[in-house]
Amino acid sequence: MSKLSVILPFFDRAIFCFLTVPIPLNTQFIQTTDALRQEIDAALDSATRFDTDCPERLRDAIRYSLFTPGKRLRPILVLTAYELCQNDEYRLHENLLPTLSSGHRLNAMPAACAVEMIHAYSLIHDDLPAMDNDDLRRGKPTCHKKFDEATAILAGDALLALAFEMIGTLTPPELAGLCCKELAIAAGACRLVGGQMDDMFREKQIGKTKSTIQMIEHVHHRKTGALIRASLRLGGMISGASERELTALYEFGKHFGLAFQITDDLLDVLGEEATVGKRLRKDAGMEKWSYPFFLGIDGAKKATEKAVDDAEKALLVFDHDTTPFQTLLGLLKQLPNRVR
Ligand code: GRG
């Protein structure tokens with residue numbers, strides 16, 4: 001325990017904890033996630049320079065959306081899952097996936113960039129007037145506000161294609177193919193896009209009073225959860241994880257994604273717009289489905305705690321005495337306290 005004033009860079013606990021408040025200070029965790037974020041940003045930078053055939057305005061819109069400060073949660077999950085499976089002492093001799101036998105997390109960087117690119121595209125399109133019609137994202141004007149609607153649509157389209165170009169650089173090609181399929185499913189009609197579609201239209205069709213918590217869970221399992229689960233599994237696949245490990249990563253991602261979404265809904269009700277960096281109180285204003293609507297604030301907080309516990313149990317398959325294990329656990333444990 002330390003009584004230092006700190007700003008945790010991840011989920012920026014942009015609150016100064018004054019000397020009277022003791023905070024567990026896991027310096028290694030903070031340094032690790034910060035180092036990962038810097039590596040990810042450097043890789044995204046070199047992947048988005050483009051040659052002169054890319055119109056300057058399009059390149060600027062792509063880079064603007066990628067580099068407005070995000071948490072880089074999904075690529076951090078890819079890289080950490082990769083390292084977790086490299087370190088794991090439970091590795092079974094049941095690997096069916098061709099793999100880079102051992103190595104540095106940079107091996108997984110193309111997949112890390114790819115999931116962030118899919119995420120950035122989905123945020124650009126989600127903010128468009130035809131969808132959420134938002135002016136603010138990551139504390140800055142949304143892509144269509146900064147540029148224009150057509151440019152924002154095209155920047156999203158280009159990011160989606162670039163994500164698969166990145167995945168295609170993985171070696172051997174058979175691994176690239178499997179990872180490509182994993183990501184395409186997560187980003188596709190039955191997951192990310194389908195979840196978004198249901199979120200936009202189903203509540204209007206059914207009416208909020210007839211909706212159930214299972215329905216909202218099904219939406220978020222696809223809209224928010226699918227890319228989180230795929231991020232973890234991609235890291236594992238590139239590391240040559242066993243089926244048992246991949247299943248554990250999926251289970252961890254399922255509960256982590258749920259906790260992430262519930263805390264996102266709680267932030268919409270309880271958060272500070274300046275800290276969260278986007279318009280809040282949308283769920284109330286637009287009569288949208290949300291966990292606090294179904295469970296109340298306290299119920300949503302309890303549901304977060306349960307999801308965090310369930311996620312922690314899923315991790316027990318792995319050797320806990322490693323940096324990547326502690327990083328994943330640290331990310332998980334910070335979820336209930338996230339302020340953005
Ligand atoms: C338009 C195809 C399409 C999909 C949009 C992801 C999504 C689906 C919509 C975003 C709306 C939203 C608020 C979803 C809830 C959780 C979520 C994905 C939040 C944003 O992710 P963070 O918090 O963002 O990781 P940063 O900015 O840190 O990267």
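Reckoned from all heavy atoms, side chains included, excluding hydrogens, waters and symmetry mates. FYI, the numbering just counts along the sequence from 1. Counting starts at 1 for both ligands and their atoms, following the listed order.
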Contact atoms of ligand 1, heavy-atom distance to D126 under 4.0 Å = 1 (C), 5 (C), 9 (C), 10 (C), 11 (C)
Evaluate the side-chain proximity of R138 to L123: yes if any heavy-atom separation is below 4.5 Å, no if none is.
-> yes
Only counting residues at least two apart or in another chain, list the ones meeting salt bridge (Lys or Arg N to Asp or Glu O under 4.0 Å) with K333.
-> E312
In terms of its nearest heavy atom to atom 27 (O) of ligand 1, the top option of K223, H125, R222, R138 is R138
With heavy atoms only and a cut-off of under 4.0 Å, state how Q261 meets ligand 1: side chain, backbone, both or neither.
-> side chain
Going by the atom numbers of ligand 1, which of them fall below 4.0 Å from some non-hydrogen atom of K71?
-> 22 (P), 23 (O), 24 (O), 25 (O), 26 (P), 28 (O), 29 (O)
K140 side chain near K146 side chain, heavy-atom distance below 4.5 Å = no
Checking side chain to side chain donor-acceptor pair (under 3.5 Å) against K306, which of D310, D309, T304 comes through?
-> D310
Is I153 isolated, or which residues cluster with it under the ILVMFWY side-chain rule of less than 4.5 Å, directly or via members?
-> L128
If hydrogens are left out, which of M200, Q196, R74, M197 has an atom nearest to atom 18 (C) of ligand 1, that is, the closest non-hydrogen atom?
-> R74
Would you say the side-chain atoms of R233 pair up with the backbone N or O of A81, donor to acceptor, closer than 3.5 Å?
-> no
Y121 neighbourhood, listing ligand 1 atoms whose heavy-atom distance to it stays under 4.0 Å = 2 (C)
What are the atoms of ligand 1, with element, lying closer than 4.0 Å to any heavy atom of F260?
-> 22 (P), 23 (O), 25 (O)
Out of M131, R338, H119, whose heavy atom is nearest to atom 29 (O) of ligand 1?
-> H119
